[in-house]
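Each remark here refers to the structure printed beneath this line.
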Amino acid sequence: MPYHSTSGLSPAQTAELINRVHQVHAARPDEQRYDFEMPVDQAVVMVLVMVRHNLAQQVTADLFGVSQSTVSRIFRYLLPILGMVTMMDRTRLADALASGVVLIDGTPVPTGNRTTTGKDNFNGKHRKQALNVQVAAWPDGTLADVSDPVPGRRHDSVALDLVGWGYQIRAATDYNPHLAFFGDSAYSRHTDWAPLQKLKDVERTPQDIAFNRAIASFRAPVERAIGLLKQWKILATGYRGRLTELPTIIHVIVNLEFYRLAS
């Protein structure tokens, strides 16, 4: 696949990924090995294109000349393998905390409107149903970690504690008082490095304005990291599959993004 925009990976990265997947596939017992109706390399590319552009299964089937059911079976077989073979390329929040500076922000992963979830996943800020993930980045904007998802109605401050990151940050700060954790105003109870909120009927001072501008400047790289992560459109334009499978898909896509960055 010659184009980064098609599969999300360079030709060399795609070839290496195919090689890793083929090794895992070939090592599986016969009863656990899927009998592909297309070459393994083409199947891997197909799955990459699906998650990169959030293609519907029927559209993918038409593009690759197979049936929709074949696309579904290959997708469910290969996706966990892709997550497995890219697992070692991933970094964690602890690595960023150890460096002394970490940028964090929350972002929604849209799920489409689903009546079965009620208001649990409704994100009031973005006015849509979604899951909420926390994203950590290095100061240069390189992705550092992505949390497990929580229901979209959860505020970022609550989500930070639900996924365990709040505890990790407090523990790291106790060990290193000079740790700088930058976030938006949602994280003001977790860090002093967050924008100062405006008090009712009180004008901001020039010092407060300058401080908030500095924080916004420091935080900008995490927004870029989120933008790059969401170039995997399955996380950005509305997931249409089984909601119970979305946490696994988020995990796999995050691993793929770390693989893309590391290679």
Side-chain angles (χ1 to χ4, degrees), residues 1-28 34 36-57 59-66 70-71 74-93 95-96 99 103 105 107 109 133 135-147 220-239 241 246 248-263:
M1 185 65 63
Y3 303 112
H4 287 67
S5 60
T6 305
S7 67
L9 304 175
S10 70
Q13 289 173 325
T14 304
E16 170 62 20
L17 191 63
I18 290 169
N19 182 54
R20 295 184 188 184
V21 168
H22 192 273
Q23 289 179 11
V24 173
H25 169 69
R28 288 192 163 181
Y34 178 75
F36 283 96
E37 298 177 33
M38 60 169 64
V40 175
D41 56 348
Q42 188 178 11
V44 171
V45 170
M46 183 182 74
V47 173
L48 289 174
V49 172
M50 287 180 69
V51 296
R52 190 68 176 180
H53 299 279
N54 197 19
L55 294 182
Q57 291 184 359
V59 173
T60 306
D62 292 343
L63 288 173
F64 284 83
V66 293
T70 296
V71 171
I74 291 176
F75 184 81
R76 287 195 165 86
Y77 177 79
L78 281 185
L79 203 68
I81 296 179
L82 288 172
M84 183 192 311
V85 300
T86 53
M87 183 170 52
M88 298 304 294
D89 298 292
R90 185 166 181 165
T91 63
R92 293 292 179 181
L93 175 64
D95 301 314
S99 73
L103 318 176
D105 200 2
T107 189
V109 177
V133 295
V135 179
W138 304 88
D140 65 356
T142 303
L143 189 66
D145 200 1
V146 178
S147 75
V222 72
E223 301 289 351
R224 294 197 296 272
I226 291 173
L228 290 173
L229 176 64
K230 287 197 166 182
Q231 286 187 352
W232 299 94
K233 297 301 182 184
I234 199 168
L235 302 184
T237 58
Y239 174 72
L246 184 52
T248 298
I249 289 172
I250 293 172
H251 172 76
V252 173
I253 300 306
V254 170
N255 283 3
L256 282 170
E257 176 64 4
F258 277 108
Y259 171 77
R260 184 188 71 81
L261 293 170
S263 300

Tell me if a side-chain donor or acceptor on Asp62 pairs with a main-chain N or O of Val59 at a distance below 3.5 Å.
no
Taking the inter-plane angle between the rings of Tyr77 and Tyr34 on a 0 to 90° scale, is it parallel (under 30°), tilted (30 to 60°) or perpendicular (over 60°)?
tilted
With heavy-atom distances below 4.5 Å as the criterion, would you say the side chains of Ile74 and Met38 are in contact?
yes
Check whether any side-chain N or O of His53 sits under 3.5 Å from a backbone N or O of Lys233 as a donor-acceptor pair, and report yes or no.
no
Report yes or no: does Asn54 contribute a side-chain atom to a donor-acceptor pair with the main-chain N or O of Gly238 at less than 3.5 Å?
yes
Shortest non-hydrogen contact from Val40 toward His25
CG2-CD2, 4.3 Å
Supply the atom-to-atom distance Tyr259 OH to Leu9 CG, rounded to the nearest 0.5 angstrom.
6.5 Å
Minimum-distance pair of heavy atoms, taken over all atoms of Leu48 and Ser7
CB-O, 3.8 Å
Considering non-hydrogen atoms only, spot the tightest contact between Trp232 and Gly8 and give its length.
CH2-CA, 4.4 Å
Are any of the side-chain heavy atoms of Leu17 and Thr86 separated by less than 4.5 Å?
yes
Less than 4.5 Å apart, side chain to side chain, heavy atoms only: is that true for Leu143 and Leu228?
no
Should we say atom NE2 of His22 is surrounded by more than 12 heavy atoms from elsewhere, each under 6.0 Å from it?
no
Residue pair Val146 / Glu257, side-chain heavy-atom distance below 4.5 Å:
no
Got a donor-acceptor contact below 3.5 angstrom from the Arg224 side chain to the Gly141 backbone?
no
Distance in Å, Ile253 CD1 paired with Arg52 CZ, rounded so as to fall on 0.5 Å steps
9.5 Å
About how many Å separate CG of Leu78 and CZ of Phe36, when rounded to the nearest 0.5 Å?
4.0 Å
Taking the side chain as every heavy atom from C-beta outward, state whether Leu229 and Thr107 have any atom pair closer than 4.5 Å.
no
For Pro221 against Leu103, the heavy-atom pair lying closest together:
CB-CD1, 3.7 Å
Could you tell me whether the side chain of Leu79 reaches within less than 4.5 Å of the side chain of Met50, counting heavy atoms only?
no
If you round to the nearest 0.5 Å, how far is CD1 of Ile18 from CD of Gln42?
10.0 Å
Spacing of CG belonging to Asp145 relative to CZ belonging to Arg90, to within rounding of 0.5 Å:
5.5 Å
Correct closest heavy-atom pair for Pro80 and Phe75 would be CD-O, 4.4 Å
Side-chain touch Leu246/Ile250, heavy atoms, less than 4.5 angstrom:
yes
Return the CG to CG distance between Asp89 and Asn255, rounded to the nearest 0.5 Å.
8.0 Å
So do the side chains of Met84 and Val24 get within less than 4.5 Å of each other, counting heavy atoms only?
yes
Yes or no on side chain to side chain contact (heavy atoms under 4.5 Å, CB included) for Ile81 and Val44, after CA distance, side-chain angles and deciding distance?
CA-CA 10 Å; Ile81 296 179; Val44 171; over 6 Å; no
Using a 3.5 Å distance criterion without hydrogens, assess whether the side chain of Gln13 forms a donor-acceptor pair with backbone atoms of Arg260.
yes
